[in-house]
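Values below: all heavy atoms of this structure, side chains included; hydrogens, waters and symmetry mates excluded. In the text below, chain A, chain B and the rest are named by the order of the sequence lines, each starting its count at 1.
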Amino acid sequence: MPESIDKSGFISLRKKIIESEFSRMNDRQKEAVFTTEGPLLVLAGAGSGKTTVLVNRIACILKYGSAYQSSFVPDNITAEDIGYLEKCLKDKDFSGDRLRKLLAVNPPPAWSVLAITFTNKAANEMKERLEQMLGDESQDIWALTFHSACARILRRDIDKLGLGYTRSFTIYDTDDCARLMRETCKNIDSGDRSFVTKTLLPTISRAKEKNLDPVQYEKAVGNDFRLKKVAEAYYKYQDALRRANALDFDDMLMLTVRLFRAAPEVLQYYQRRFKYILVDEYQDTNNIQYQFVSMMASVNRNLCVVGDDDQSIYKFRGATIENILNFEGQFENARSVKLEQNYRSTSVILDAANAVISNNAGRKGKTLWTSNGQGDKIDVASFDSELDEAQYIADTILDNVRNGGKFSQNAVLYRMNAQSGAIEKAFVRRGIPYRVVSGYRLIDRLEIRDLLAYLKVINNTRDDVSLSRIINVPKRGIGDATVSAAQQIAARDGVSLYDVFSSCEDIEYFSKKCVKIKPFVDFIEEMRALSAEAPVHELVKEVAVKSGYIAALEAENSGESRERTENIGAFVSSAAEYDSLSDEPNLQGFLEECALMSDIDNYDGSADTVTMMTIHSAKGLEFPVVFIAGMEEGVFPGQNADFYPDELEEERRLAYVGITRAKKKLNITYARSRMLFGSTVYHRESRFLKEIPDELKDETDMRSHETTFSMMSNKPKHKPAVDSGFSRPAAAAAQSFAIGDTVHHSTFGTGMVLSVKPMGGDTLLEIAFDKFGTKKLMANFARLKKD
DNA sequence: AAGCTAAGCGTTTTT
DNA sequence: CGCTTAGCTT
């Protein structure tokens with residue numbers, strides 16, 4: 001190196017340039033971004049710009065490597081180079097390749113980064129933002145959920161586990177698992193029908209999260225009679241899964257970790273491949289996920305986890321907050337950074353959130369602050385019934401829109417999906433466009449599940465659960481007696497149900513039934529051949545038609561059957577979308593995507609509709625105006641909260657998550673009576689509401705103190721749209737209205753138009769109905785007929 | 001095997 | 001309330 005270059009001068013210039021490129025971050029954020037080596041815990045409060053920090057940190061690593069922390073100086077730097085760098089700093093131009101070459105110290109190739117999140121949506125968002133920032137180089141970065149990452153790993157090497165699984169394994173969702181369990185453990189019948197789904201499977205799930213196989217679990221259980229029964233069920237269940245070449249959600253993690261132990265070269269491959277690992281929402285990780293992460297990161301030790309202990313809301317599915325609390329103990333030389341400045345909400349909203357969460361004992365302790373203004377007070381309103389509550393929410397949203405807002409700025413959040421019904425009805429009545437993000441997806445519909453069962457059998461003939469689901473759907477003369485006989489033979493010979501059916505000619509018992517069975521087996525074989533060559537959506541279409549499923553629906557020719565046919569059409573479209581978006585589309589990949597995609601993953605914020613969802617689904621999102629409905633004891637927090645202090649704290653964290661979704665305005669509502677699961681229940685105001693200081697709230701009591709009379713108790717005629725994946729066609733009612741027009745509405749009957757106001761491609765009408773008073777409706781959504 | 005009716009039952013949050 | 005299932009009939 002030439003004498004004239006001052007080493008320390010170069011290093012400090014390098015720091016200045018890197019810092020300047022990320023100058024828009026606050027000091028804490030910078031600290032996280034520039035900690036590019038070693039284990040790092042980022043405790044990021046709600047709305048603290050966490051995603052931006054993550055993305056910037058990866059960008060910094062990929063562009064400059066460890067340059068910020070390194071004292072290494074390349075030999076061949078010249079005075080001219082220094083001049084160039086100084087000019088870059090002065091011009092704030094950091095885009096040049098030359099700059100990068102001069103400054104970078106061991107930058108890793110792009111595919112060195114594994115980013116793990118919990119939803120596909122978050123993964124895609126991260127990928128998109130990285131692509132924006134890095135261009136093509138981000139192509140090979142893995143930004144995936146835990147489950148998809150494990151699926152990829154297992155797809156390559158699951159046979160190395162030596163348990164008989166093959167690469168065409170099927171992923172069982174909770175419904176499949178319940179069917180399998182009921183089938184395998186018919187003798188474990190406790191009389192309680194929900195025993196399997198409420199007790200047995202969750203208990204096994206916990207065992208798998210601790211990486212306990214049936215044998216280990218049985219040992220751990222000891223002499224507990226009840227748990228011994230669970231262990232027995234677990235053994236049979238796991239064996240059935242193995243024979244079906246199927247994995248449940250927990251297996252995906254457990255078997256990956258076991259694969260890493262059984263085949264160290266597989267683990268090594270990934271350890272070398274991923275120099276940098278980061279995990280988002282770390283507070284939601286469970287024990288096996290911790291094992292997975294620590295194995296992957298143990299060589300390079302460049303692990304960055306981001307989370308907020310106050311937002312841990314998945315304890316019920318095994319998440320353990322200890323992973324965050326113990327991070328510094330588990331990873332040597334770990335650093336930790338707290339992000340407490342909030343960029344999202346007004347100080348009123350933030351103060352309310354802080355006040356509520358401060359009632360929790362088990363937390364690391366953070367206090368969010370913001371330099372945003374105070375903002376509006378929180379509107380709190382109470383009602384007689386959930387119907388009045390829904391009406392109020394609908395009216396308030398219409399007011400917001402009339403004052404220049406957009407529907408999409410409003411979100412309605414609630415504790416349980418069951419609460420959405422009343423609100424949907426009110427929206428339908430007012431003509432408010434909305435979208436429900438629910439646990440109920442397109443693929444949860446009966447007809448799609450049937451179709452998927454066909455596809456699963458085609459992909460993996462060992463899948464007995466799926467086969468017995470569709471063997472006689474539509475009716476083809478193979479009834480219960482035949483199926484249970486076949487099941488017995490399969491169990492006796494240790495083969496799959498499909499094997500029995502396909503060799504029915506050799507089995508005496510089936511001599512007469514073969515006429516019915518043979519065509520079905522031939523059909524499956526034909527589709528198996530097709531699946532090797534045709535695109536997935538064509539296969540799906542063929543299956544739907546040639547199985548006779550569509551014909552059976554058409555024969556039924558009811559409104560419901562037509563809807564089912566439509567849904568199948570939508571499913572074919574989604575397969576076509578998969579075909580066009582996926583790098584190498586195949587049936588297996590499509591089935592995997594179906595199993596691992598949730599409704600929120602398809603949520604697209606760009607349509608101008610109100611969003612409705614549970615608070616769980618809302619985590620990670622933000623909206624200018626948020627309504628939290630059903631703030632009642634018994635609903636939020638739920639009944640169990642009185643009994644289990646831990647659950648109360650989890651509910652409180654959930655309340656914290658809900659409150660911090662709001663950017664500008666928060667509305668909270670509750671009702672003293674509520675129709676829930678078929679009967680009316682009475683509740684008091686939620687304790688969480690009382691925990692918000694009075695000076696932050698504007699309270700309105702809309703409850704009557706005499707007889708309850710509610711106009712809304714008129715039953716609506718419309719069945720509300722269940723999902724909303726398809727929003728109502730906005731162009732359908734492109735008619736114009738004038739003041740004085742007489743109109744007909746399917747629910748409100750006849751009325752007269754009082755005012756007309758154009759609004760974002762639509763028209764807001766104020767209509768005086770003869771029997772229902774004055775309502776505000778959006779013309780395109782209200783299905784109005786002019787006289 | 002298939003289709004019908006009556007009865008019963010669970011209801012939090014989800015990858 | 002809405003959905004599944006048991007049990008009966010054809």
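Here B:dT12 is the nucleotide among B:dT12, B:dA2, B:dA1 with the atom lying nearest to any side-chain atom of A:Met416. Counting only heavy atoms from C-beta on, A:Thr482 has its side chain closest to B:dA1 among B:dT12, B:dT15, B:dA1. You'll find that the side chain of A:Met675 is closest to C:dC1, out of B:dA1, B:dT13, C:dC1. When the nucleotides B:dT13, B:dG10, B:dA1 are ranked by their closest atom to the side chain of A:Lys198, B:dG10 comes out on top. For A:Ala481, counting side-chain heavy atoms from C-beta on, the closest listed nucleotide (B:dT15, B:dA1, B:dT13) is B:dA1.
The side chain of A:Lys315 contributes no N or O atom lying less than 4.0 Å from OP1 or OP2 of B:dT13. Residue A:Ser598 places at least one side-chain N or O closer than 4.0 Å to OP1 or OP2 of B:dT15. For the OP1/OP2 pair of B:dT13 and a distance below 4.0 Å, the side-chain nitrogens and oxygens of A:Ser617 include no atom meeting the criterion. Applying the 4.0 Å criterion to OP1 and OP2 of B:dT13, one finds that A:Asn640 has every side-chain N and O outside that range. Dashed line: the shortest gap from a side-chain N or O of A:Thr174 to OP1 or OP2 of B:dT14 is not under 4.0 Å. Between A:Lys619 and B:dT13, a side-chain N or O to OP1/OP2 separation shorter than 4.0 Å is absent.
What separates CZ of A:Phe292 from P of B:dT15 is a distance of 18 Å, to the nearest Å. Atom C1' of nucleotide B:dT13 and atom CZ of A:Arg652 are separated by 17 Å, given to the nearest angstrom. Atom pair A:Lys208:NZ and B:dT15:C1' shows a separation of 14 Å (rounding to whole Å applied). Counting to the nearest Å, the C1' atom of C:dC3 and the CD atom of A:Glu560 are 12 Å from each other. Between the CZ atom of A:Phe316 and the C1' atom of B:dT11 there is a distance of 15 Å, given to the nearest Å. Between the P atom of B:dT12 and the CZ atom of A:Arg674 lies a distance of 15 Å, rounded to the nearest Å. With rounding to whole Å, A:Asp175 atom CG is found 15 Å from C:dC3 atom P. Atom NZ in A:Lys475 sits about 6 Å away from atom P in B:dA2, given to the nearest Å.
Both thresholds, 5.5 Å between centres and 30° between ring planes, are not jointly met by A:Phe146 relative to the base of B:dT15, so the two rings are not stacked.
When heavy atoms are screened at a 4.0 angstrom cut-off, A:Ser679 is found touching no nucleic acid atom at all. Nucleic acid contact class of A:Asn417 (heavy atoms, under 4.0 Å, all strands): sugar-phosphate only. Across all strands shown, A:Glu647 has heavy atoms under 4.0 Å from base atoms, whether or not it also approaches the sugar-phosphate. At the heavy-atom level, A:Asp480 lies under 4.0 Å from the strands shown only through sugar-phosphate atoms. Using a 4.0 Å heavy-atom distance criterion, A:Asn472 is classed as a sugar-phosphate-only contact. Heavy atoms of A:Gly638 sit nowhere under 4.0 angstrom from any nucleic acid atom.
Taking the ring axis of A:Phe169 as reference, the NZ or CZ atom of A:Arg155 stays within 45° of it and closer than 6.0 Å to the ring centre. Figure legend: cation-pi geometry between A:Arg653 and A:Tyr656 absent, as NZ or CZ is not positioned both under 6.0 Å from the six-membered ring centre and within 45° of its axis.
Listed for the A:Ser205 side chain is no donor-acceptor partner under 3.5 Å among the backbone atoms of A:Leu201. With A:His616 contributing its side chain and A:Ile313 its backbone, the two residues share a donor-acceptor pair below 3.5 Å.
Closest-nucleotide positions on DNA chain B for A:Leu676 and A:Gly477 were compared, and the one nearer the 5' end corresponds to A:Gly477.
For a distance-only test at 3.5 Å, the side chain of A:Arg317 fails to qualify as a donor-acceptor partner of the base of B:dT15.
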Test log, rule salt bridge (Lys or Arg N to Asp or Glu O under 4.0 Å), inputs A:Arg652 and A:Glu691: CA-CA 10 Å; A:Arg652 193 176 274 113; A:Glu691 289 167 4; 2.8 Å; yes
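Here the closest heavy-atom approach between residue A:Ile277 and residue A:Phe274 is recorded as CG1-CB, 4.2 Å.
Counting non-hydrogen atoms of neighbouring residues, nucleotides and ligands closer than 6.0 angstrom, the CG atom of A:Asn557 exceeds 12 such neighbours.
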